Chemist: 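Have a look at this one.
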Amino acid sequence: MKFLTLNTHSWMEKDPLIKLKNLCDAITRQSFDVIALQEVNQLMTSATVDQSLLVTFSATNNEHPIKEDNFAFLLQQELQKNGLEYYWTWEPSHIGYDRYDEGLAVLSLKPIQETRSFFASENTAYNDYKSRKVIGIKSENQWFFNVHLGWWQDKHDPFPGQWEKCTAHFATLKEPIFLLGDFNNPAHIKQEGYELVTQNWFDTYHLAAQKDTGFTVADAIDGWSENQSGLRIDYIFANQPVKTISSQVIFNDNNEPIISDHFGIVVEIAD
């Protein structure tokens, strides 16, 4: 199985339609089994999608309808034209950049058996960009959760409390679990978020027989305005030590064109 996680920064990039096509082309070539995308946006003012186009969509709830410019919807439609039928879900966490429903999407080549979502943040106000949800799908009797959490020392809603809520939710599940996403906690910083997570979760980067630097942020970006070096803040974790063939950075100009302020991670797990 091959997994992809990417913070898309969708519609905030230059030439977004070209970057959507580049993402679609890469997925078409590699046929990832599960894809987790963060910062998946749609304009709040856009028209709602006709239900006939949402045959493979599984809602986590019905609070926010899919709009015609939903980044994940457009991606799924393009992939369908290329002969790849993905089952998918999407749910927003908050208003992004004052005009978007900003959320998380998960796409799966295999049918979705069940979906889940919950707030990781203490704050649940839709108009606060630090409001954080986690969404997940069960497919092939495994759980895949898409995670986009806050910063370790955030005064408003710090990472430790969010991770505590995540841990409580994951503890209720019996199946194998994978966590894919942007954790906003660099791997090299001691006694912070990365070490907290890896007390009980396995980082597939370290399990991988083949790997590269793992850096998914190259310089200063939103949320990391003072950064000047490579950071590893996007991860794929497993709740058991799975046999991992490789972990590679993607969309970094060495392996596919840059399409976001984050690079992506591709992990291949032995079946």
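Just so you know, these numbers use all the heavy atoms, side chains as well, and skip hydrogens, waters and symmetry mates. The model shown is predicted, which means the values in this text are computed figures rather than measured ones.
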Chemist: Which atom names give the shortest non-hydrogen contact between Asn82 and Cys24, and what distance separates them?
Modeler: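 So the two residues come closest at ND2-SG, 3.4 Å.
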
Chemist: Counting only N and O atoms by type, is there a donor-acceptor contact under 3.5 Å from the side chain of Asn41 to the main-chain atoms of Leu43?
Modeler: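 Answer holds: no.
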
Chemist: Checking side chain to side chain contact (heavy atoms under 4.5 Å, CB included) between Phe3 and each of Thr204, Ile269, Val266, Ile35, which is the one that passes?
Modeler: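 Testing Phe3 for a side chain to side chain contact (heavy atoms under 4.5 Å, CB included) against Thr204, Ile269, Val266, Ile35 leaves exactly one candidate, Ile269.
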
Chemist: Establish, from distance only, whether the side-chain atoms of Glu175 and Asn141 form a donor-acceptor pair under 3.5 Å.
Modeler: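 Judged by distance alone, the side chains do not pair up.
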
Chemist: With distance as the sole criterion, is a donor-acceptor pair present between the side chains of Tyr194 and Asp203 under 3.5 Å?
Modeler: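 The criterion, which ignores hydrogens and geometry beyond distance, is satisfied for Asp203 and Tyr194.
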
Chemist: Given the rule in the side-chain contact (heavy atoms from CB on, under 4.5 Å) test, do Leu54 and Trp88 qualify, once you have shown the distances and angles that lead to the verdict?
Modeler: CA-CA 9 Å; Leu54 298 175; Trp88 66 291; 3.8 Å; yes

Chemist: With a cut-off of 6.0 Å (strictly less than), are more than 12 heavy atoms of other residues, nucleotides or ligands near CD of Gln191?
Modeler: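 Atom CD in Gln191 is not packed in, count stays at 12 or less.
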
Chemist: Taking the side chain as everything from C-beta on, heavy atoms only, tell me whether Ser58 gets closer than 4.5 Å to Ile137.
Modeler: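 Ser58 does not reach Ile137 side chain to side chain.
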
Chemist: Answer yes or no: are there more than 12 heavy-atom neighbours, outside Gln142 itself, under 6.0 Å from its atom CD?
Modeler: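 For Gln142, atom CD is crowded (more than 12 foreign heavy atoms under 6.0 Å).
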
Chemist: Would you find a donor on one side and an acceptor on the other, under 3.5 Å apart, between the side chain of Thr8 and the backbone of Leu37?
Modeler: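 No; zero donor-acceptor contacts below 3.5 Å.
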
Chemist: Can you confirm whether or not the ring centre of Phe178 sits under 6.0 Å from the ring centre of Phe144?
Modeler: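 Ring centroids of Phe178 and Phe144 are less than 6.0 Å from each other.
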
Chemist: Roughly how far apart are Asp98 CG and Met44 CE, rounded to 0.5 Å?
Modeler: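 Taking CG in Asp98 and CE in Met44, the distance rounds to 9.5 Å.
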
Chemist: How long is the span from the OG1 atom in Thr213 to the CG atom in Asn252, to the nearest 0.5 Å?
Modeler: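 Thr213 atom OG1 to Asn252 atom CG measures 7.5 Å (nearest 0.5 Å).
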
Chemist: Under the 3.5 angstrom rule, does the side chain of Trp90 hit a backbone N or O of Val40 as a donor-acceptor pair?
Modeler: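 Checking the backbone N and O of Val40 against the side chain of Trp90, a donor-acceptor pair under 3.5 Å is found.
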
Chemist: Can you tell me how far apart CD1 (Ile27) and CD (Glu78) are? Round to the nearest 0.5 Å.
Modeler: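 Answer for the CD1-CD pair, Ile27 versus Glu78, is 11.5 Å.
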
Chemist: Mark yes when over 12 heavy atoms from residues, nucleotides or ligands other than Phe202 sit less than 6.0 Å from its CZ; otherwise mark no.
Modeler: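 For Phe202, atom CZ is crowded (more than 12 foreign heavy atoms under 6.0 Å).
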
Chemist: Check whether more than 12 heavy atoms from other residues, nucleotides or ligands sit under 6.0 Å from atom CD of Gln51, and answer yes or no.
Modeler: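 It does not: Gln51 CD has 12 such atoms or fewer within range.
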
Chemist: Would you say the side-chain atoms of Gln113 pair up with the backbone N or O of Glu140, donor to acceptor, closer than 3.5 Å?
Modeler: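 Side chain of Gln113 to backbone of Glu140, a donor-acceptor pair under 3.5 Å: yes, one is there.
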
Chemist: Which value, rounded to the nearest 0.5 Å, describes the distance between Glu102 atom CD and Tyr97 atom OH?
Modeler: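 Spacing of CD (Glu102) from OH (Tyr97) equals 6.5 Å.
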
Chemist: Please give me the minimum heavy-atom distance between Ala125 and Ser131, naming the atom from each residue.
Modeler: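 Answer, listing the atom of Ala125 first, then Ser131: O-CB, 3.4 Å.
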
Chemist: What orientation do Trp143 and Phe145 show, parallel under 30°, tilted 30 to 60°, or perpendicular over 60°?
Modeler: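 It falls in the parallel class, under 30°.
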
Chemist: Are the side chain of Ser247 and the backbone of Lys211 linked by a donor-acceptor contact shorter than 3.5 Å?
Modeler: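 Between the backbone of Lys211 and the side chain of Ser247 there is no qualifying donor-acceptor contact (under 3.5 Å).
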
Chemist: Take Phe237 and Val147, measure what side-chain contact (heavy atoms from CB on, under 4.5 Å) needs, and give me the verdict at the end.
Modeler: CA-CA 11 Å; Phe237 294 111; Val147 176; over 6 Å; no

Chemist: What heavy-atom pair brings Ser10 and Glu39 nearest, and what distance separates the two atoms?
Modeler: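 That would be OG-O, 2.8 Å.
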
Chemist: How close do Phe119 and Lys133 get, heavy atom to heavy atom, and via which atoms?
Modeler: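 Shortest heavy-atom contact: CZ-CE, 3.2 Å.
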
Chemist: Should Trp152 and Ile189 count as side-chain neighbours, where that means a heavy-atom distance under 4.5 Å?
Modeler: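 Answer no - side chains too far apart.
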
Chemist: Between the side chains of Asp157 and Asn123, does any donor sit under 3.5 Å from an acceptor?
Modeler: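 No, no side-chain donor-acceptor contact under 3.5 Å.
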
Chemist: Do Gln38 and Thr5 have side-chain N/O donor and acceptor atoms under 3.5 Å apart?
Modeler: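 Distance-only check passes for Gln38 and Thr5.
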
Chemist: Using the six-membered ring of Trp163, assess whether NZ or CZ of Arg132 lies under 6.0 Å from its centre and within 45 degrees of the ring axis.
Modeler: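 The answer is no, since Arg132 fails at least one limit relative to Trp163.
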
Chemist: So do the side chains of Ile265 and Leu4 get within less than 4.5 Å of each other, counting heavy atoms only?
Modeler: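 Answer no - side chains too far apart.
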
Chemist: Between the side chains of Asn22 and Glu256, does any donor sit under 3.5 Å from an acceptor?
Modeler: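 Glu256 and Asn22 do not have a side-chain donor-acceptor pair below 3.5 Å.
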
Chemist: In Å and rounded to the nearest 0.5 Å, what is the NE2 to OG1 distance from His169 to Thr167?
Modeler: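 Between His169 NE2 and Thr167 OG1, I get 11.5 Å after rounding to 0.5 Å.
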
Chemist: Using modelled atom types only, decide if a donor and an acceptor are shared between the side chain of Tyr205 and the backbone of Ile236 within a distance under 3.5 Å.
Modeler: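 No; judged by distance alone, with no hydrogens or angles, the pair does not exist.
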
Chemist: Which heavy atom of Glu85 sits nearest to which heavy atom of Leu109, and what is that distance?
Modeler: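 Looks like O-CD2, 3.9 Å.
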
Chemist: Count the heavy atoms belonging to other residues, nucleotides or ligands that lie under 6.0 Å from CD of Glu164, then report whether that count exceeds 12.
Modeler: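 Atom CD in Glu164 is not packed in, count stays at 12 or less.
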
Chemist: For the pair Gln42 (side chain) and Pro65 (backbone), establish whether a donor and an acceptor sit closer than 3.5 Å, ignoring hydrogens and angles.
Modeler: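 Between the backbone of Pro65 and the side chain of Gln42 there is a qualifying donor-acceptor contact (under 3.5 Å).
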
Chemist: Hey, is the main chain of Ala105 close enough, under 3.5 Å, to the side chain of Asn146 for a donor-acceptor pair?
Modeler: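 Flag set: sc Asn146 to bb Ala105 pair under 3.5 Å.
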
Chemist: Check the side chains of Asp212 and Gln248 for a donor-acceptor pair under 3.5 angstrom, ignoring hydrogens and angles.
Modeler: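 Their side chains do not contain a donor-acceptor pair, so the 3.5 Å distance test is not met.
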
Chemist: Can Lys19 and Asp15 be counted as an ion pair, charged N to O under 4.0 angstrom?
Modeler: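 Judged by the 4.0 Å cut-off on N to carboxylate O distance, Lys19 and Asp15 do not form a salt bridge.
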
Chemist: Examine distances only and state if a side-chain atom of Asn184 and a backbone atom of Leu149 form a donor-acceptor pair shorter than 3.5 Å.
Modeler: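 Yes; at least one donor-acceptor contact below 3.5 Å.
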
Chemist: Are His188 and Leu231 close enough that some pair of their side-chain heavy atoms sits under 4.5 Å apart?
Modeler: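 Side chain of His188 against side chain of Leu231, heavy atoms only: contact under 4.5 Å found.
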
Chemist: For Pro111, does its backbone N or O pair with a side-chain atom of Ser139 as donor and acceptor, under 3.5 Å?
Modeler: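 Yes: the side chain of Ser139 pairs with the backbone of Pro111.
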
Chemist: May I ask you to test the Asp128-His156 pair for a side-chain heavy-atom distance under 4.5 Å?
Modeler: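 Contact flag for Asp128/His156 side chains = yes.
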
Chemist: Among Phe170, Phe183, Tyr235, which residue satisfies the ring pair (Phe, Tyr, Trp, His ring centres under 6.0 Å) criterion with Trp201?
Modeler: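 So, applying the ring pair (Phe, Tyr, Trp, His ring centres under 6.0 Å) to Trp201 and each of Phe170, Phe183, Tyr235, only Phe170 qualifies.
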
Chemist: Locate the shortest heavy-atom distance separating Thr115 from Ala59; write the atom from each residue and the value.
Modeler: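 The answer is OG1-O, 3.3 Å.
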
Chemist: What I'd like to find out is whether the side chain of Arg116 reaches to under 4.5 Å of the side chain of Thr172, using heavy atoms alone.
Modeler: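 Heavy-atom side-chain distance check passes, below 4.5 Å.
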
